[in-house]
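Down below is the structure, laid out as structure tokens.
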Amino acid sequence: MTAKPMIAMIAGILVLILAMSSVYTVTEGQRALELRLGKLVLDSKTGKPKVVAPGIHFKIPFIVKVQKFDVRLQNLDVESSRILTAEQKYVLVDYYTKWKINNLPLYYKRTGGFAFRAQMLLKQKINDALRAAFGKRDIKEVVSGERVNIMELLKAKANESAKGLGITVIDVRIKGIDLPKEVRESVFQRMRTEREQVATKHRSQGVAAAETVRASADASVAVTIATARAQAQRIRAAGDRKAAHIYIKAYSKNPGFYAFYRSLQAYHQVFQNKGTIMVIKPNGQFFKYFNQSHAKSSKP
Amino acid sequence: MSSDNSDNNGNDPWGKRRDDGPPDLFDLIKKFFVAGKSNSGQSSGIPDKLGRYVGYGLIVLVILWALSGIFLVSPAEEAVVLQFGKYVETVGPGPHWIPRFVQSQRTLNVQQVSNFPYQAEMLTKDENIVSVSVAVQYRIGDPEHYLFNVVAPNLTLQQATSSALRQVVGHMTLNSILTTGRQQLRDGAAKQLNEILSLYKAGLDVTDVTLQPAKPPEAVTHAFDDAIKAREDEQRYINQAQAYARKVESVVKGRVSRFIQSATAYQKEVVLRSEGRTARYLALLKPYQEAPGVTRERLYLDTVSSVLSKTTNIFVDSNGTNVLYLPLGQILKRQLQRTKNDPVSTTTDTTPITTPMNSDTGRPTYSGREQS
């Protein structure tokens, strides 16, 4: 009597296990394939392998296995090694690519579901295309004008391979093009030199302009002074002229008396101190009365 | 459940009336576990109790299950509801309920703005290197896309930022980036970034892209700063020279005015002096004209007496041909010595008619020198 519930319980558990094995869910962002004994289960309607969408699904327990795949946009980051440009210069290129599965059965067939296999193939293909593209162009084009074209080119090349892998490449983008360390240093040097030239040019321009201003100022000053000197001379000369006229006017009134007057002044001026020795004979008008009280000869 | 229910006064084995409405859960569970037992109506103690406990337990589990389905979405959040993994809907803020195990939810903050700063040295169009620093502000715009479209959406944004920025920088010259092209760079990068993100449908919204001023790379900042300084120096040299010019010109003005003033003063002086002197002369002329002989005599005697009293005089009164020895050198020395020792006695009191005059200019002699 007591066996029945036990059996029932065991049976219940078995049923549960069976049930769990016959139900599975696929989350959003995933897809699944069913494999029966290693072979893909086909969709009864299309005859093609069945691709399972998100939601709950049922299958034959144990015999059919489910493999789930991430079908979101995948990321592949590549830090490339040196790539040679057309000018025989090396650059360091980083790029990334975005790809996703668009043909799941084919993808599974080619890669066994291992994403890294797909990544490897993609990386190889893109690297080759990158080298080819850069090798035909110089740095300026690569960095600037042809940049977008190159990215499109890489994407197209990548998709050539991608088709055969059941994936599609949505984007290939160059993250950065950098110069190798040694080259950077020479670029820096070039930049420095260019700036130094600019600095020198400005400074020398400044000095030259300043010199011009100074020289011009000095010249103008010299001219001003010379003019003023000349004018001052003229003013003095005018004064002298006027004074001379005044003298002439006065002294020519009686030239004889003027001669006398002027001579007396001269005597005052010349015979001034004890340093002058007069050796005189005491005759002449001054000594007229010196020897005797009345003059021998009278002069007016 | 045994289909053979012996009629027990019209009741089922539990003692309930069969027509008492639908059997409750408790009863059903109990029935399930006690199935196959004898329908004697006499329930043995142990299975019955077990059934009851299990029944209770199940009820509790169900209640717990129901409660666990309640979740709260904050005002800044949204939640994505999946049924067995398949997307159903996105729900907004507020309380919600989902049946656990059948449905699941993922809640995301859609308003919080994250900041991604990025700084690097990169190549410009003219093969120069510039250091650019940018900050991208972003938040989740569409939770469904964010969760299910792209692997590592945040990382994707960072990659896209780097690529977009470098692309725009690569199309501009160094000079333009450092000076006039700031706005262009910022707008170009933002536009490119948005294009990329919408291509990927990553579910992220870029709210702002801010650009710090671009700088030349560290290794060359000194040279760049010096070039700027050189411009300033150039201006400074010119300013200094202009200041010099102004100063010199104003100094000259002063000198010019001094020249002119000095000349004008001289002019006046000379004329006044001439007028003064001639006035004196004319004043003397008058008495001379009235009495020439007397005036002459007077003037003559005054002058000679004044002169002779100042000089060293040696009167020689000889008519013969004798040779006279005059030690003039000694005499002179002695006289000069006397002058030094006793200046008072040797100066003469003169009342000259005129003051001693400088014969050249007709002006009095002064001790100082005059400047022209």
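On a predicted model such as this, the values are computed, not experimentally measured, just so you know. Letters A, B, ... mirror the listed sequences (proteins, then strands); counts begin at 1.
- In A/K242, the NZ atom is not crowded: 12 or fewer heavy atoms of neighbouring residues, nucleotides or ligands sit closer than 6.0 Å.
- Interface check for chain A: of the options B/N149, B/I238, B/V256, B/V248, the most heavy-atom pairs under 4.5 Å are formed by B/N149.
- With a 4.5 Å cut-off on non-hydrogen atoms, A/T224 touches chain B through its backbone and its side chain both.
- Residues B/E121 and A/R184 are paired through a salt bridge, judged by an N-O separation under 4.0 Å between the basic side chain and the carboxylate.
- Of the two parts of A/F271, the backbone and the side chain both hold a non-hydrogen atom closer than 4.5 Å to a non-hydrogen atom of chain B.
- Ranked by non-hydrogen atom pairs under 4.5 Å with chain A, the options B/S305, B/A152, B/A265, B/P216 are led by B/S305.
- With ring centers used as reference points, B/Y281 lies under 6.0 Å from A/F257.
- Between the side chains of B/Q159 and A/D77, at least one donor N or O lies within less than 3.5 Å of an accepting N or O.
- By number of non-hydrogen pairs under 4.5 angstrom with chain B, the leading residue of A/R229, A/Q231, A/K253 is A/R229.
- The parts of A/Y258 that come within reach of chain B are both its backbone and its side chain, each placing non-hydrogen atoms under 4.5 angstrom from that chain.
- The part of B/R106 that comes within reach of chain A is its side chain, from C-beta onward, which places non-hydrogen atoms under 4.5 angstrom from that chain.
- For the residue pair A/R195 and B/A223, the shortest heavy atom distance occurs at CB-O, 3.7 Å.
- In this structure, the side chain of A/S144 engages the main chain of B/G170 through a donor-acceptor pair within 3.5 Å.
- Looking at every heavy atom in both residues, A/R236 comes nearest to B/S262 through NH2-OG, 3.1 Å.
- The contact between A/V207 and chain B is made by backbone and side chain atoms together, counting heavy-atom distances below 4.5 Å.
- Looking at A/K175, both its backbone and its side chain come within 4.5 Å of chain B, counting heavy atoms on both sides.
- With a threshold of 4.5 angstrom between heavy atoms, B/L82 approaches chain A through side-chain atoms but not through N, CA, C or O.
- For a residue to count as touching a neighbouring chain, one of its non-hydrogen atoms must lie under 4.5 Å from one of that chain's; by this rule A/F188 touches chain B with backbone and side chain alike.
- For B/I228, no part lies near chain A; criterion is any non-hydrogen pair under 4.5 Å.
- Under a 4.0 Å N-O distance rule, the pair A/K89/B/E127 qualifies as a salt bridge.
- Between the side chains of A/E194 and B/N128, no donor N or O sits under 3.5 Å from an acceptor N or O.
- Put simply, the side chain of A/E28 never gets that close to the backbone of B/F148: no donor and acceptor are under 3.5 Å apart.
- Of the listed residues (B/P292, B/A160, B/A120, B/A263), the greatest number of heavy-atom pairs within a distance under 4.5 Å of chain A belongs to B/A263.
- Using a 4.5 Å cut-off between heavy atoms, B/Y87 touches chain A through backbone and side chain atoms alike.
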